[in-house]
Amino acid sequence: MNTKGNPVRGRINAYFFKIMEGYMHRKYGKTKKDLFDSLPEVVVELGPGVGPNLRYYKKGTKLIAIEPNPHMHVLLRRNAEYYGIELDLRVSGAEVLDLPDSSVEAIVCTLVLCTVNDPLKTLSEIKRVLKPGGVFAFLEHVAAEEKSALAFLQKKIHRFWHWFFEGCNLNRDTAKTLEEAGFRTLVLDKYSMNTIFLPIVPHISGKAFR
Ligand SMILES: C[S@@+](CC[C@H](N)C(=O)[O-])C[C@H]1O[C@@H](n2cnc3c(N)ncnc32)[C@H](O)[C@@H]1O
């Protein structure tokens, strides 16, 4: 079993993300509604945390949730019950998915490719598990433009951030990694937004099709 999560920081993070749910809904809600608009009845979500995305899924959705941090699980289960989501919770990492080849129509993740150990391997697993034509919908924070004030800030606080948010990297060029992963089609949007969490600007969101 591949679990993550420091007993102290893991719990603090779980409650932090729970408290931030309303804020994240205000900031990401429109993007997420567009991204998750036409998901099928069975969805795989990588790193769902405490479940801020569950409100966007159709009631009755069967969610295969790949969440290696057990400290997130209680709040995730509670959210699943509240939003009427059938939860199939699996404690593993996204780099090795215990799912057959070409078996699912949709995989989702938000703010997770910054934290997985190996983003390219994760994307290769996503491609393996998706059916031909299947969709991977994502929303991620990425490294700021080189030599910008934001890039300077990201560099300054990276060590603390990485420690506190248990492996989160502020300096990943996830758009490039998505291109390298070789999906059949990649539709990607990059944008800035006003947020109190400056270090996680800018963002990318979009869909990749196998
Ligand atoms: C920043 S939180 C984001 C949570 C949620 N997706 C959201 O949008 O708020 C990162 C999540 O990724 C999970 N995670 C970390 N490493 C992972 C891995 N290798 N595979 C899958 N999930 C992972 C963490 O446990 C955590 O729940």
Side-chain angles (χ1 to χ4, degrees), residues 1-33 35-36 39 43-57 63-80 83 85 87-99 106-126 128-129 136-142 158 160-172 174 177 193 195-197 199-201 203-205:
M1 200 160 46
N2 179 7
T3 59
K4 274 195 161 186
N6 174 278
V8 178
R9 273 171 286 137
R11 284 186 176 84
I12 294 175
N13 272 311
Y15 282 94
F16 172 79
F17 283 110
K18 180 67 194 159
I19 290 163
M20 294 315 291
E21 247 188 88
Y23 179 79
M24 299 221 280
H25 178 53
R26 286 197 295 283
K27 289 291 164 187
Y28 297 129
K30 187 178 173 325
T31 307
K32 287 184 175 179
K33 272 182 202 151
L35 273 180
F36 303 153
L39 288 174
V43 174
V44 174
E45 181 167 352
L46 310 177
V50 298
N53 295 334
L54 305 194
R55 66 175 76 203
Y56 308 105
Y57 301 149
L63 189 71
I64 302 174
I66 312 292
E67 179 48 71
N69 185 343
H71 306 295
M72 303 284 179
H73 292 178
V74 172
L75 296 170
L76 176 60
R77 284 204 176 92
R78 215 176 278 168
N79 256 346
Y83 289 110
I85 303 298
L87 195 64
D88 174 354
L89 181 52
R90 312 214 180 158
V91 191
S92 76
E95 292 88 349
V96 183
L97 297 172
D98 187 16
L99 292 165
I107 303 184
V108 165
C109 78
T110 64
L111 313 180
V112 171
L113 293 176
C114 52
T115 306
V116 296
N117 299 329
D118 187 339
L120 197 55
K121 185 154 195 306
T122 300
L123 293 172
S124 137
E125 269 297 86
I126 291 170
R128 179 186 68 76
V129 165
F136 169 50
F138 56 88
L139 185 163
E140 294 291 330
H141 66 84
V142 295
H158 186 270
F160 168 76
W161 190 277
H162 186 266
W163 172 81
F164 185 77
F165 289 110
E166 304 202 281
C168 175
N169 293 281
L170 293 169
N171 53 3
R172 283 194 174 163
T174 302
T177 315
M193 68 174 191
T195 169
I196 47 175
F197 297 106
I200 61 161
V201 175
H203 284 76
I204 58 167
S205 66

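All ligand and atom numbering here is 1-based and tracks the order in the structure.
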Just distances here: any N/O of [X] and N/O of ligand 1 closer than 3.5 Å?
X: Gly47; answer: yes
X: Ala94; answer: yes
X: Glu95; answer: yes
X: Thr110; answer: yes

Min side-chain heavy-atom separation His73-Glu67 under 4.5 Å: yes
Options Gly10, Gly51, Pro68, ranked by nearest heavy atom to atom 22 (N) of ligand 1, top entry: Pro68
Phe17, portion touching ligand 1 at heavy-atom distance under 4.0 Å: side chain
Ligand 1 contact on Glu67 by region, counting heavy-atom pairs under 4.0 Å: side chain
Qualifying residue for side chain to side chain contact (heavy atoms under 4.5 Å, CB included) with Phe138, from Val108, Ile204, Leu35: Ile204
So, [X] versus [Y]: side-chain donor-acceptor pair below 3.5 Å or not?
X: Ser92; Y: Asp98; result: no
X: Ser205; Y: Tyr28; result: no
X: Glu166; Y: Asn6; result: no
X: His25; Y: Tyr56; result: yes

Under a heavy-atom criterion of less than 4.0 Å, does [X] contact ligand 1?
X: Met24; result: yes
X: Gly167; result: no
X: Pro48; result: yes

Parallel, tilted or perpendicular, as decided by the 30° and 60° cut-offs, for the rings of Phe165 and Trp161: tilted
Over 12 non-hydrogen atoms of neighbours within 6.0 angstrom of CZ in Phe197: yes
Asn69: numbered ligand 1 atoms lying under 4.0 Å from its heavy atoms: 25 (O)
Per-atom contacts of ligand 1 with Pro52, taking only distances under 4.0 Å to non-hydrogen atoms: 7 (C), 8 (O), 9 (O)
